[in-house]
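Counting starts at 1 for both ligands and their atoms, following the listed order.
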Amino acid sequence: MNVAVDMVSLNAPVRSFVDQPRQALINGRWQDAQAGETFEVFNPATEAVIAHVADCKKADVDLAVAAARRAFDQGPWPRMSPSERGRILWRIGDLILENLEELAQLESLNNGKPIGVARAADVPLAADLFHYMAGWATKIEGNTISLSVPYTPGAQYHAYTRREPIGVVAQIIPWNFPLLMAAWKLGPVLTAGCTVVLKPAEETPLTALRLAQLCLDAGLPPGVLNVLTGFGETCGAPLAAHPEVNKVAFTGSTEVGKLIVKAAASDLKKVTLELGGKSPNIVLDDADLSVAIPGASNAIFFNHGQCCCAGSRLFVQQKSYDKVLEGVSDAAKAIKVGPGLDPQSQMGPLVSKVQFERVTGFLRSGAEEGARTVTGGKRHGDKGYFVEPTVLEGTTDQMRVYREEIFGPVVTVLPFKEVDDELIRRANDTAYGLAAGVWSSDMRRAHRIANALRAGTVWINCYNIFDAALPFGGYKQSGWGREMGHEVLNNYLETKAICASI
Ligand code: NAP
Ligand code: MG
């Protein structure tokens, strides 16, 4: 298959991976979709087709869920000793690192992100997640509880809790960090002893499929992990509604998150959600601007703004406003935009035509509503889904660019006078609550602001710092539950109370 000129830099395993149609993984076997259909996967830098993958629909969902159900009800995985499970999880982490270059190239090719970022962040973080979770496999514990039951005076009980895997889990993930989102989801669900059907985003299925093979290579028994490539409406929806699924874990838009809740409501499946954001990033006059300016720039432009935690509303205290506006604008102008597989590129294309149209639509709406474009504001080049890093000012609280998640490299810069209740009110004036940033040399003030912000993560004098041990998730409409840290295990465990009369 002719897969565009930048293929020359791809290594042999990547080339052979994309050259064959990729099948779905069901019950430990790679197989075509039941209807025999496939769909195309694109390189967003060139708009060229790079691969074909199985177009899985309800019939495939039924097979995959049945396989996961059998693997849970009868298979070895939930019954295996925790240390054996932990060793397999650790081995998955090792295999990710052993295949780092292949995974990084595949990710950059499919998602568009700079190859250097995929090598330094996406792939090592995915490995870390499995290594971190591997340690938890042996540390899932209940409690013993002393009872004082008023209507059985003198009786004694031995009461304790067990944490048990929740069962068959459907996991639906987005395209912004395709491998890492798969790792965030799979690491804990497997650690808990559940079985799973994973649906990667239609735009970016390749690294999830490669990861699934690594999971099999590491010794994961058949049926424990099933991967269906397909579309939201025809694959994701029947998966989220399937009566044999016990729990749905979703990452993506708040809009689809609400559909997931509806789909799960029919039989009250458990649901966790990691959704959008419109995160405030606050620079105080006493901040070290030599750190805050590049930090605020990274907060929005990292991953082309396609981050649920992007610092998209940049609040700057009055005295520093001009300097920060100029500094972030200069940083935006200096970003080298180009194909992710070009090692010189610092920002790649948006992931897809749909996303490109969405983001450029927001840029038009901002201009129409009266926002001032300080830098950027339009398409970059005429091939591929590139958008200029964009800085807006003069936005009001009512504008769509201020209120809605753009999910592109677009920041609105907003002045404020005092560090007071009004600042906190403005920062919290969003339906979302995923993340926030504070830049200040006064730690006392910074921590007070952090406490007042209604967000699941607050970074002080840094941004976009992720670690497998640090819980991540949203307040308000940014989601339910947490990813990572030991807290994520709660997403996949039930608590059973056992009470014996002794
Ligand atoms: P999305 O529609 O929420 O997609 C996320 C996942 O859900 C994909 O796997 C998608 O499949 C699937 N899906 C879509 N409709 C579904 C349904 N009815 N039932 C079950 N699953 C369904 O996100 P998107 O369309 O790719 O991006 C739109 C916007 O979402 C972005 O502009 C951004 O604002 C937000 N977003 C947020 C995050 C985040 O990390 N919080 C990540 C990505 C996007 P398909 O691949 O077929 O659509
Ligand atoms: Mg989509």
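Test E483, R482, K247 against T272 for side-chain hydrogen bond (donor to acceptor under 3.5 Å, both in side chains) and you get one pass: K247.
The proximity of I173 to ligand 1, defined as any non-hydrogen pair under 4.0 Å, is limited to the backbone. Contacts between R358 and ligand 1, counted as non-hydrogen atom pairs separated by less than 4.0 Å, involve the side chain only. Contacts of L275 with ligand 1, taken as heavy-atom pairs under 4.0 Å, involve the backbone alone. Counting heavy atoms closer than 4.0 Å to ligand 1, residue A240 contributes nothing at all. Contacts between E255 and ligand 1, counted as non-hydrogen atom pairs separated by less than 4.0 Å, are absent for every part of the residue.
Checked against a 3.5 angstrom limit, the closest N/O atoms of E202 and ligand 1 fall inside it. Inclusion of L259 in the set of residues having an N or O under 3.5 Å from an N or O of ligand 1 is not warranted. Checking only distances, V256 never comes within under 3.5 Å of ligand 1, N or O to N or O. Annotation: G252 places an N or O atom under 3.5 Å from an N or O atom of ligand 1; distance criterion only.
Distance check, rounded to the nearest 0.5 Å: SG of C194 to CG of L225 gives 12.5 Å. Atom CG of L179 and atom CD1 of I96 lie 6.0 Å apart (nearest 0.5 Å). To the nearest 0.5 Å, atom CD of residue E37 and atom NE2 of residue H52 are 13.0 Å apart.
Of all the atoms in ligand 1, the ones that sit under 4.0 Å from a non-hydrogen atom of I260 are 20 (C). Counting the atoms of ligand 1 from 1 in the order shown, those under 4.0 Å from a heavy atom of T251 are 5 (C), 40 (O). Atoms of ligand 1 lying under 4.0 Å from any heavy atom of A201, numbered from 1 in the order shown and given with element: 9 (O), 46 (O). Within ligand 1, counting atoms from 1 as listed, the ones closer than 4.0 Å to a heavy atom of E203 are 46 (O). In summary, the atoms of ligand 1 found under 4.0 Å from a heavy atom of A237, numbered by their order in the structure, are 19 (N), 20 (C). Each of the following atoms of ligand 1 lies closer than 4.0 Å to a heavy atom of E405: 33 (C), 34 (O), 35 (C). Within ligand 1, the atoms closer than 4.0 Å to a non-hydrogen atom of N176 are 40 (O), 42 (C), numbered from 1 in the order shown.
The shortest contact between atom 43 (C) of ligand 1 and any protein heavy atom is with P174 CB, 3.3 Å. Among protein heavy atoms, atom 14 (C) of ligand 1 sits closest to G232 CA, 3.5 Å. Looking only at protein heavy atoms, the nearest one to atom 12 (C) of ligand 1 is I172 CG2, 3.6 Å. Protein heavy atom at the shortest distance from atom 7 (O) of ligand 1 is F250 CE1, 3.1 Å. In terms of protein heavy-atom proximity, atom 10 (C) of ligand 1 is closest to K199 NZ, 4.0 Å. With hydrogens left out, the protein atom closest to atom 20 (C) of ligand 1 is G236 C, 3.2 Å, a heavy atom.
Scanning for side-chain hydrogen bond (donor to acceptor under 3.5 Å, both in side chains) contacts around Q346 gives an empty result, with sequence neighbours left out. Checked against side-chain contact (heavy atoms from CB on, under 4.5 Å), K278 has the following partners two or more places apart in sequence or in another chain: S312, R313, I406, T430, Y432.
A donor-acceptor distance shorter than 3.5 angstrom exists from the side chain of D467 to the backbone of A469, with no hydrogens or angles considered. Put simply, the side chain of S478 gets close to the backbone of G276: a donor and an acceptor are under 3.5 Å apart. At least one donor-acceptor pair closer than 3.5 Å links the side chain of H304 to the backbone N or O of G348. Looking at S108, its side chain never comes within 3.5 Å of a backbone N or O of A104 through a donor-acceptor pair.
Heavy atoms of F177 stay at 4.0 angstrom or farther from ligand 1.
Side-chain N/O atoms of N281 and W439 include a donor and acceptor closer than 3.5 Å. In summary, the side chains of K185 and T251 do present a donor paired with an acceptor at a separation below 3.5 Å, with no hydrogens or angles considered. The closest side-chain donor-acceptor pair between Q213 and W30 falls under 3.5 angstrom. Under the 3.5 Å distance criterion, with hydrogens and angles disregarded, no donor-acceptor pair is assigned to the side chains of K113 and Q306.
Closer than 4.0 Å to atom 40 (O) of ligand 1 lies at least one heavy atom of the protein. Atom 4 (O) of ligand 1 is not flagged as protein-proximal [any protein heavy atom, distance under 4.0 Å].
Comparing F231, W175, F407 against atom 27 (O) of ligand 1, the shortest heavy-atom distance belongs to W175. Between atom 29 (C) of ligand 1 and the options G479, A263, S253, the minimum heavy-atom separation is to S253.
Between Y463 and W459, the ring planes lie tilted relative to each other; the angle falls in the 30° to 60° range.
More than 12 non-hydrogen atoms from other residues, nucleotides or ligands lie less than 6.0 angstrom from NZ of K476.
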